[in-house]
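What you see below is based on every heavy atom in this structure, not just the backbone, and it leaves out hydrogens, waters and symmetry mates. Chain naming here is simple, since letters A, B, ... match the order of the sequence lines and numbering starts at 1 in each.
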Amino acid sequence: MAKMNVIFDRCKGCELCTTACPKQIVAIQHEKRNKEGVFTAYCTDDDACIGCAMCAMMCPDCAIIIEN
Amino acid sequence: MAVKFQRPHSLCDVRLHYCAGCTHGIIHRLVAEVIDEMGIEGTTVGVCPVGCSVFAYNYFNCDMIEAPHGRAPAVATGVKRARPDLNVFTYQGDGDLAAIGTAETVHAATRGENIVVIFVNNGTYGMTGGQMAPTTLPGQVTTTSPYGRDPKTAGYPVRVCEMLSTLSGTALAVRTAVDSVPHIRETKKMIRKAFENQQRGNGFSIVEVLSTCPSNWGLTPKESIKRLQEECIPYYPLGVYKDVEIAEANADLLAMGGAAK
Amino acid sequence: MEKVLMKGNEALAEAAIRAGCKCFFGYPITPQTELSEYLAKQMPKRGGVFLQAESEVAAINMVLGAAGTGTRVMTSSSSPGISLKSEGISYIAGSDVPCLIVNVERGGPGLGSIQPSQQDYWQATKGLGHGDFHLIILAPNSVQEVVNLVTKAFDLGEKYRMPVMLLSDGLLGQMMEPVEFPEITPSQADNSAWAACGTKMEREHHIVNSLYIEALDLEEQVKRRYERYAKIEETEAMAETYLCEDADIIVTAFGATSRVAKSAVNKARAEGIKAGLFRPITLWPFPKAELNAACKNAKAVLSVEMNMGQMIDDVKLALDCRLPVSFFGRTGGVVPSPKEVLEELRKLNGGAQ
């Protein structure tokens, strides 16, 4: 199983990661704003993540760490 | 679990000042990944421009020099001539490289200056608030082309790779984009090739990366990627405009009676 | 030590190589031509770099790059070319990196003329680019002094981490004089605290930069630079005095013009006019204390220059206007003659009596 970790305060909520995910399991959460005041990206289904890191490659802010 | 993907070491662990969705951050990371993978952080000097990436000296962990607007290739020439043992790259935007710094760019290329130039083309002056750049597309609205760029009065966009590929000193002239993961992978491959060219003494290598500017294009980051794909890439076709190593290999093949690649 | 006959421009170039200059970046312009041509021949043979840039603008930025790595580097030009270099000079000053800039002055403004002039005094001492900054300005008056000051220029630049200008002119550059090159072992100041030459993964990265986006940060940076300037003003001013002790009239002149002035002073003395010569060797810092000391018995001062009157401002400021200061100069590439200066001294002497 792989894991997508978003560095909460580095994410700018630009949504580019959501366009890159082949499983379409990256989205923007609308519950908690970070210190920049933006809603951040998250993985909607950890079990479905294949750790391909495409979201991280698309991220302009190095705000995504992939573990597997 | 092991970390599979994270920030490269040669990119400083700081928040980038770029707007949300600005692809400068991707290109910074790719340069840093290549520096890490080649193990050259300790022997690299970067030269940053004037423009949105002016603060790049705060983002790369290697030694950095801040150049006046457009002069990065001249500054890099000074570094490389003084210290040929160092790996030297410039990181420049389109206003910097293709307008005010045209002479420095063209002459560094024609001298075959053994440096890497990362050219980020987003068709606008971002830092000053979205004025018309030398690479602004015909019809594109900017703050200084408020009725759309009219080639009759404002001239035509400069196609940098095509122009530089005519010069004998250019070793590599390639245009890529960062609109998708496959293109990002290709961009990284080309940046690596550019740095390897420098280590092999091949001469001037430029990687032009088509980029976005959501804030000044007046689009969301996702819409900006779409515009990049639908409007910019057709005007600025991606591809290798010159690769001296392929040209030499082909010449050898032809000399031996074989077919060129 | 053997004396050789050399043009000022060539002697300067030779002295630079002997002083350990490793890189030269320039662009052709008269009347500094022999300087770059000499280096084009010699640098490749003696382990240095000679590169002809596409413009003065590019050349000075190449200097910034090389200086940023902590390498001894220089450029040379003549007046219109220095105007083009002023952008880079401001950045070099703002980035606190040392280098040597040579201006072999010619007539201006605009394309002006290719004849000798001192019309760039203001530019050199007050206006070499935008922002609050100074360069140390050295003004030799003989080929031998050109040679002696080149090493000093590199050393001062590295000591204070700032660009230094050697202000020559078409006359000094073109004329031949016997000259000897003192034995020197080039020494380079330790630049390991700031040079951008690769971290070797052993230290934090160095940033050579003149941008401070926060106003208070920039103010702090400029103030620190001005503390260095204050120390330079205290300790590095240089001047030559000649027959000043009992002089009624002090002639002030720098560079090639000071030799004309000296002839005039000698002629005046032969006529019984008590004249003396004060020659600033550093134009910035201007040798204020030295001038005041030289003028302690004087009743009048005459500033002789190859321009319409530029250094006279600093002479008046240094004297706080306590003495009448008059001016004589020729401009546009015309060199004043000793006879003309003598005539001015006679007038002043008559006025003084």
Identify which part of A:C17 has an atom lying under 4.5 Å from any heavy atom of chain B, answering side chain, backbone, both or neither.
neither
List the atom of A:C14, the atom of B:P221, and the distance in Å for their closest heavy-atom pair.
O-CB, 3.5 Å
Honestly, the part of B:I225 sitting under 4.5 Å from a heavy atom of chain A is side chain
Identify the two heavy atoms, one from B:R7 and one from A:C62, that lie closest to each other, and give their separation to 0.1 Å.
NH2-CB, 3.5 Å
Crowding at CD, A:Q24 (>12 non-hydrogen neighbours, <6.0 Å)
no
NZ/B:K226: more than 12 non-hydrogen atoms of other groups inside 6.0 Å
no
Which atoms of B:H183 approach chain A - backbone, side chain, both or neither, heavy atom under 4.5 Å:
neither
Based on non-hydrogen pairs under 4.5 Å, which of B:C22, B:A2, B:S224, B:S180 is most in contact with chain A?
B:A2
Okay, A:I64 and chain B: the region with an atom under 4.5 Å from a heavy atom over there is backbone
Residues B:I26 and A:M58: closest non-hydrogen pair is CD1-O, 3.3 Å
Top residue by heavy-atom pair count (under 4.5 Å) with chain A, among B:T23, B:I184, B:L30?
B:I184
As an exercise: rank A:A56, A:A53, A:G13 by heavy-atom pairs under 4.5 Å with chain B and give me the winner.
A:A56
Among B:K188, B:E33, B:R185, B:H28, single out the residue with the greatest number of heavy-atom pairs under 4.5 Å to chain A.
B:R185
Region of B:D13 that comes under 4.5 Å of a non-hydrogen atom in chain A
both
Which value, rounded to the nearest 0.5 Å, describes the distance between B:Q6 atom CD and A:I7 atom CD1?
8.5 Å
Whether B:R29 side chain and A:M57 backbone form a donor-acceptor pair below 3.5 Å:
yes
Can you say whether B:I27 sits under 4.5 Å from chain A via the side chain, the backbone, both, or neither, judging by heavy atoms?
neither
Determine yes or no for a side-chain-to-main-chain donor-acceptor pair under 3.5 angstrom, with B:K4 supplying the side chain and A:G51 the backbone.
yes
Any ring pair (Phe, Tyr, Trp, His ring centres under 6.0 Å) involving residues 10-35 of chain A? Give me the pairs, sequence neighbours left out, ordered by first then second residue.
A:H30-A:F39
Given B:R15 and A:D9, is the side chain to side chain contact (heavy atoms under 4.5 Å, CB included) satisfied, shown in steps?
CA-CA 9 Å; B:R15 180 185 181 276; A:D9 282 326; over 6 Å; no
Please check: side-chain N/O of B:K222 versus main-chain N/O of A:T18, any donor-acceptor pairing under 3.5 Å?
no
